[in-house]
Amino acid sequence: MKTKLKEYFGDRIIIAEINGKADVVTFLTTASTILQEYHKQRKDGLDTESEKMCIIETAAKLIKCDIKSIKCDRDWYPVIREDIQESLRFLPDSLVKLLDGILLSKNSKLKTATIGQAIMQGARPRVIIAPLQIGLEFQLHHHYASRFLIDTLSRHGVCSTHDEVLKFNENAALEQGTDIPSFEGQFVQYIADNVDHNVRTLDGRDSFHGMGMVAAVTPATTQANIVPRRNVTQEEVAKAGKVEIKPQSDSPLEELNIVYNDVLSITVQDPTANLDVLWKTSLLLSAERPAWSGLMQAVHEGNHTGKSSVLFLPMIDMTPSDVTCVMSTLNFVSRHAKSHDILTPIIT
């Protein structure tokens, strides 16, 4: 039926498809029809105020027509970028033209993108997922984790709802899993330590004290996966971050044939040990001197590896000092390193 409707009406019809809900079929009024209606109203002899309102109403219809013509896929979350031009390309040209004529300030491009995406989200709330709307929601949740704050701003049309960020977090956790994205043999440092949540509660419950694990990758890797948008169960999330509990080996260590080599005491003079003294004595000179970062760049050679990226690994709901918990952590790290062809995993 949908195919037949599209064959007959062509671009004049739009079908909104949302998983789990009935499809909505609406006519997409073309620009030519809107302009003909406006031309007909002008012939009727309107006064100045009425003609002004007619122009505004016609412009609103034309912009809404352009918004409806944008293809959207609610099965995937949009890629959020900091590029303003990329955010502006999400808007139809007619809406950008309108806002550029209204907003005049230093940050007019950013405001145009923000207000424009808010207008698009309000015009098609069940179809469009605006990148800046959901991006602001993620930032607020990361800093404040307040449902009241996010839902209040959502009712004002500034960002998406709190339920949307929870759904995104669940889907993102499943999509990435425990793999290191875009891994090409970088240096990986594993870290495992105590992780606490709700250390003190009124009734002594709902507290968490366990073992947390992360992997620091240098140089940083990039996450390029597109996150799907679907309903995720808690069982799926738990399965993606499952850690095999490995009890302590029953065999005593005395039976193992372990040979330790002699530790060599090697004394190496650090050529940079007196750099701070050199830099401080340069204060007495009248010549121009670099700052500390400039001095470091002047005396060292080679390229800096850049900022590291931190990958969050699963947590173990056991006492971190428990031998079984430590054994399970080491076993997980060993398996994780082997899956990424890391011969000798380093863990702190």
The complete set of side-chain hydrogen bond (donor to acceptor under 3.5 Å, both in side chains) pairs with one or both residues in residues 87-98, sequence neighbours excluded, reads Asp66-Ser94, Glu86-Arg89
Nearest non-hydrogen partners of Leu313 and Thr178, listed with the distance
CD2-O, 4.0 Å
Strictly distance-based, threshold 3.5 Å: is any side-chain N or O of Asn198 a donor or acceptor partner for the main-chain N or O of Asp206?
yes
Those residues at least two apart in sequence (or on a different chain) that pass salt bridge (charged side-chain N to carboxylate O under 4.0 Å, His left out) with Lys239 are none
Flag, side chain of Ser108 to backbone of Leu104, donor-acceptor distance under 3.5 Å:
no
Under 3.5 Å donor-acceptor, Arg124 side chain and Cys72 backbone:
no
Tracing side-chain contacts under 4.5 Å among Ile, Leu, Val, Met, Phe, Trp and Tyr outward from Leu285 reaches none
Side-chain (Gln121) to main-chain (Ile128) donor-acceptor, under 3.5 angstrom:
yes
Going by salt bridge (charged side-chain N to carboxylate O under 4.0 Å, His left out), name the residues that satisfy it together with Glu49, two or more places apart in sequence or in a different chain.
Lys52
Whether the side chain of Asn194 engages the backbone of His209 through a donor-acceptor N/O pair (distance < 3.5 Å, no angle test) should be reported.
no
Only residue of Glu175, Lys167, Glu164 satisfying side-chain hydrogen bond (donor to acceptor under 3.5 Å, both in side chains) with Tyr77 is Glu164
Connected to Leu140, directly or through other members, by ILVMFWY side-chain contacts below 4.5 Å are Leu136, Tyr144, Leu149, Ile150, Leu153, Val158
Under 3.5 Å, is there a donor-acceptor pair between the side chain of Glu170 and the main chain of Gln234?
no
May I ask you to test the Asn169-His141 pair for a side-chain heavy-atom distance under 4.5 Å?
yes
Can you give each donor-acceptor pair under 3.5 Å made by side-chain atoms of residues 210-219, sequence neighbours left out, with the distance rounded to 0.1 Å?
{"residue": "Thr218", "atom": "OG1", "partner": "Ser308", "partner atom": "OG", "Å": "2.4"}

Do side-chain atoms of Arg74 reach the backbone of Arg126 as a donor and acceptor pair under 3.5 angstrom?
yes
